[in-house]
Trainee: 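If you scroll down you'll find the structure; I have some questions about it.
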Number of protein chains: 2
Amino acid sequence: MRRSAREGVATIPDVARHAGVSTATAARALGGYGSVSPKTHQRVLVAAATLGYRPNGLARSMITGTTHTLGVVLADIENPFFYRALRGITDTARSRGYGVVLTNTDEDASLEREALTTLLERRVDGLIVCPAEGGDRRHLSDTVDSGLPMVLLDRHVPGLGVDMVGLDNRRAAADATRCLIQHGHTRIAIVTGGREPVLPTPTQRNVPGIQGSSVTTPARAAGYRDAMVEAGLELRPEYLSASGFHRDDAAAATEVLMNLSEPPTAVLAFDSILTLGVLLALRRLGRRCPDDVSVLGFDDAEWAEVVSPPLSVVRQPVYEIGSKACTLLLDRIEGGGRRPSQHRLKGQLIERDSTAAPGTAVHEDAALLAT
Amino acid sequence: MRRSAREGVATIPDVARHAGVSTATAARALGGYGSVSPKTHQRVLVAAATLGYRPNGLARSMITGTTHTLGVVLADIENPFFYRALRGITDTARSRGYGVVLTNTDEDASLEREALTTLLERRVDGLIVCPAEGGDRRHLSDTVDSGLPMVLLDRHVPGLGVDMVGLDNRRAAADATRCLIQHGHTRIAIVTGGREPVLPTPTQRNVPGIQGSSVTTPARAAGYRDAMVEAGLELRPEYLSASGFHRDDAAAATEVLMNLSEPPTAVLAFDSILTLGVLLALRRLGRRCPDDVSVLGFDDAEWAEVVSPPLSVVRQPVYEIGSKACTLLLDRIEGGGRRPSQHRLKGQLIERDSTAAPGTAVHEDAALLAT
DNA sequence: ACCGCGTGTGGTAACGTTCTCAGAAGTTGC
DNA sequence: GCAACTTCTGAGAACGTTACCACACGCGGT
């Protein structure tokens with residue numbers, strides 16, 4: 001009858017006393033394991049209800065060794081790629097009875113390490129990580145070595161030996177670049193977002209196996225290079241623009257590009273936030289898209305269609321990427337060990353109005369003069 | 001020397017053995033409480049490092065009664081309002097040593113109840129909840145009654161007796177409506193996103209104290225009504241459009257509005273996803289903005305400036321709302337009980353190009369004819 | 001009448017930490 | 001030289017659950 005002394009939170013012994021059975025029996029009735037007669041089962045349930053019993057997940061996790069919790073470590077939840085992927089993750093996790101602890105790293109390796117530490121202390125059952133660009137990766141391999149299941153999202157860390165789900169970046173970037181080339185562009189720039197400029201050196205050009213075995217930004221840069229080389233176009237270092245991952249970083253980078261003596265006639269941006277920066281800069285500089293500059297971006301953000309002009313994009317199956325990462329992780333947690341593998345989903349090129357032949361503006365002027 | 005039998009995870013007794021001290025001493029050295037001689041302290045630390053000891057947060061939480069974890073229950077992480085607020089929450093939480101468990105409800109009260117249940121089992125230290133629109137709220141009051149600190153985000157639940165942080169919705173909506181009226185609009189519609197149409201009945205018109213004491217959608221509707229009544233304009237029920245909270249719901253609602261015999265010349269949308277739907281529908285219908293229809297939306301999404309035309313919006317201090325909610329919650333968890341109160345932050349009207357005088361299209365035509 | 005078996009039940013040991021208490025060792029004060 | 005105090009240490013309880021073992025009971029088969 002009397003609840004435990006502390007703040008009125010009923011425990012199994014309390015329920016057992018109230019129902020007149022042993023703790024073991026009450027625990028079996030409430031936990032749904034072992035065997036309990038229907039009569040006592042009912043009695044225990046009633047006692048639990050009247051006492052407002054709530055199972056203590058901590059104690060349960062202590063003994064079962066599983067928390068039914070996943071740790072998710074992302075760069076920045078405000079990026080459409082990440083919040084859509086997160087939606088895929090949380091949905092799948094919930095449908096299989098798991099919760100999600102979220103952490104942002106802002107591409108900071110030390111924040112990432114810190115996040116991993118607290119998640120390990122919390123004894124999460126597994127991790128979904130989008131590793132920060134660059135920096136030391138020791139903490140990642142340490143975590144993997146400790147036996148905690150991990151799945152990498154969007155980016156790959158060679159040699160880590162874990163599952164990874166992401167886009168077939170090299171191919172998608174090559175397709176995107178080809179699209180621009182087919183429109184007649186030869187001066188094509190990329191806005192990569194990485195911290196150091198990604199220079200596709202000639203020596204990398206024909207390294208076999210680099211496809212899919214590299215991290216996102218370099219893989220996309222490689223795809224860009226593939227298409228350029230394939231078309232016999234010149235790779236200009238000044239067209240390989242890397243700033244930060246923020247909108248204004250991309251805007252600044254775009255302004256630099258446009259102030260070149262030979263500015264590019266087309267820009268390929270590596271994610272939707274960067275694309276936003278490119279558009280903003282063009283608008284500020286008074287350059288018209290696609291008349292003066294064609295723009296092609298990664299990620300089909302929800303606003304891509306409404307922007308001016310409607311944006312041509314490489315759509316990633318983002319929700320599916322998140323969902324698949326989660327499924328893979330849960331299967332590994334519950335099932336056991338397959339060999340880790342990379343899952344590269346295909347991108348889809350969606351052409352809207354931001355890509356066109358170069359020099360359209362001139363044509364329009366010509367048309368105007370002709371009247 | 002020998003680690004515990006199970007999967008090679010060292011525990012405090014393991015560390016103690018290795019350092020040649022008792023468990024109690026090792027625990028003190030590692031936990032930084034009680035008093036330990038500098039010499040043994042060092043020895044224990046070394047032992048912990050060589051064994052790769054990781055504290056078990058579950059066991060710690062069991063005994064201390066605190067998990068340093070917050071539960072966050074939102075409608076939809078893909079909505080800019082929510083992911084920006086979430087960013088404010090996670091940042092503040094992390095800076096004060098707390099983690100965050102995230103749950104989406106999709107405005108479904110039963111999912112919300114389910115989420116609350118698992119969060120309670122996980123023994124989170126507090127909750128930040130954006131309650132689902134409508135539905136039974138028993139689970140919320142039960143949770144509050146159980147003594148778990150809670151802060152409401154964006155929406156208010158009268159009588160719940162908890163802190164709440166959000167926008168001064170009524171005032172912001174009134175300001176927004178007034179802006180449209182000043183442009184000369186008289187046929188102004190709202191796209192609210194609620195499930196049932198929000199009809200500001202005449203009886204509510206002058207109820208004192210409704211300001212701030214009501215949930216978001218009705219509060220904004222009330223602000224709209226305030227401004228309309230103030231200007232002596234007619235409130236037409238067919239201009240009060242409520243569908244779902246998704247983009248396509250708003251698009252459908254907009255199409256209905258535009259097919260009225262007397263369509264509105266201005267639309268006020270209650271969040272950025274809805275605004276997107278409105279713009280999309282206008283584009284599909286071939287209506288030009290602001291020439292045919294002015295659009296004003298809540299929330300200054302990152303794309304608002306780049307959309308065509310650049311969007312006039314009511315900006316909410318979203319990050320601050322999330323951050324403040326988290327601060328309030330943590331203060332209550334750590335500090336103790338102030339009286340719960342409502343915190344209403346001011347919105348800011350940002351006019352860009354999507355709002356103009358009605359009938360601009362006619363003017364342009366006239367100008368064209370004049371040449 | 002005995003054994004074997006399945007079902008229901010209770011006692012109790014874990015899980016890994018912190019907390020409480022008691023005592024040992026060293027230090028100070030008279 | 002003894003009491004009083006501080007600093008350090010260790011043994012063991014506690015948190016709330018599940019896992020494990022033992023036992024009582026009823027039942028059918030040899």
Side-chain angles (χ1 to χ4, degrees), chain A residues 2-45 47-48 51-69 118 120-123 125, chain B residues 2-44 47-48 51-68 118 120-123 125:
Chain A
R2 184 182 61 84
R3 298 189 180 180
S4 81
R6 308 180 348 93
E7 313 190 10
V9 181
T11 69
I12 290 193
D14 297 327
V15 174
R17 253 193 303 279
H18 194 266
V21 296
S22 73
T23 6
T25 304
R28 275 189 287 257
L30 293 169
Y33 60 96
S35 72
V36 189
S37 81
K39 215 160 135 186
T40 37
H41 190 101
Q42 190 59 25
R43 205 143 38 103
V44 171
L45 256 44
L51 259 50
Y53 168 75
R54 299 261 189 189
N56 185 327
L58 298 171
R60 176 179 293 162
S61 294
M62 278 268 297
I63 192 81
T64 60
T66 165
T67 52
H68 282 259
T69 305
T118 74
L120 256 82
E121 287 193 15
R122 281 192 168 76
R123 293 295 193 263
D125 291 339
Chain B
R2 182 182 63 83
R3 298 190 181 181
S4 82
R6 308 180 348 94
E7 313 189 11
V9 182
T11 68
I12 289 193
D14 297 327
V15 174
R17 253 192 303 280
H18 193 268
V21 295
S22 73
T23 12
T25 305
R28 275 188 286 257
L30 293 168
Y33 58 96
S35 72
V36 188
S37 80
K39 214 161 135 186
T40 37
H41 191 100
Q42 190 58 25
R43 204 143 39 102
V44 171
L51 259 51
Y53 167 75
R54 300 262 190 189
N56 185 326
L58 298 172
R60 176 178 293 164
S61 294
M62 278 268 297
I63 192 81
T64 60
T66 165
T67 53
H68 281 259
T118 74
L120 265 111
E121 288 192 15
R122 282 194 167 77
R123 294 295 193 265
D125 291 338

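Throughout, a chain's letter reflects where its sequence line sits, starting with A, and its residues are numbered from 1.
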Trainee: Where each residue is assigned the nucleotide of DNA chain D containing its nearest heavy atom, which of B/Ser22 and A/Pro13 is assigned the position nearer the 5′ end?
Mentor: B/Ser22
Trainee: Residues in ring pair (Phe, Tyr, Trp, His ring centres under 6.0 Å) with A/His41, at least two apart?
Mentor: none
Trainee: Which side chain to side chain donor-acceptor pair (under 3.5 Å) pairs, counting each pair once, include a residue from residues 24-35 of chain B, with sequence neighbours left out?
Mentor: B/Ser22-B/Thr25
Trainee: Based on the rotation axes of five pairs at each end, what angle does the helix from C/dA1-D/dT30 to C/dC30-D/dG1 bend through, to 10°?
Mentor: 50°
Trainee: Just to verify, what does B/Thr118 make a side-chain hydrogen bond (donor to acceptor under 3.5 Å, both in side chains) with, not counting sequence neighbours?
Mentor: none
Trainee: For B/Thr23, what residues pass the side-chain hydrogen bond (donor to acceptor under 3.5 Å, both in side chains) criterion, not counting sequence neighbours?
Mentor: none
Trainee: For A/Arg43, give me all partners under salt bridge (Lys or Arg N to Asp or Glu O under 4.0 Å), at least two apart in sequence or on another chain.
Mentor: none
Trainee: Got a sec? Which of residues 28-37 of chain B come in under 4.0 Å of DNA chain D, heavy atoms?
Mentor: B/Arg28, B/Ser35, B/Val36, B/Ser37
Trainee: Using heavy-atom distances to pick each residue's nearest nucleotide on DNA chain D, tell me which of B/Ile63 and B/Ala26 is more 5'.
Mentor: B/Ala26
Trainee: Within the structure shown, what part of the strands sits under 4.0 Å from A/Ser61 by heavy-atom distance: base, sugar-phosphate, or nothing?
Mentor: nothing
Trainee: B/Asn56: which residues meet the side-chain hydrogen bond (donor to acceptor under 3.5 Å, both in side chains) condition with it, sequence neighbours left out?
Mentor: none
Trainee: State which residues pass side-chain hydrogen bond (donor to acceptor under 3.5 Å, both in side chains) with B/Arg122; sequence neighbours excluded, sorted by chain then number.
Mentor: A/Thr69
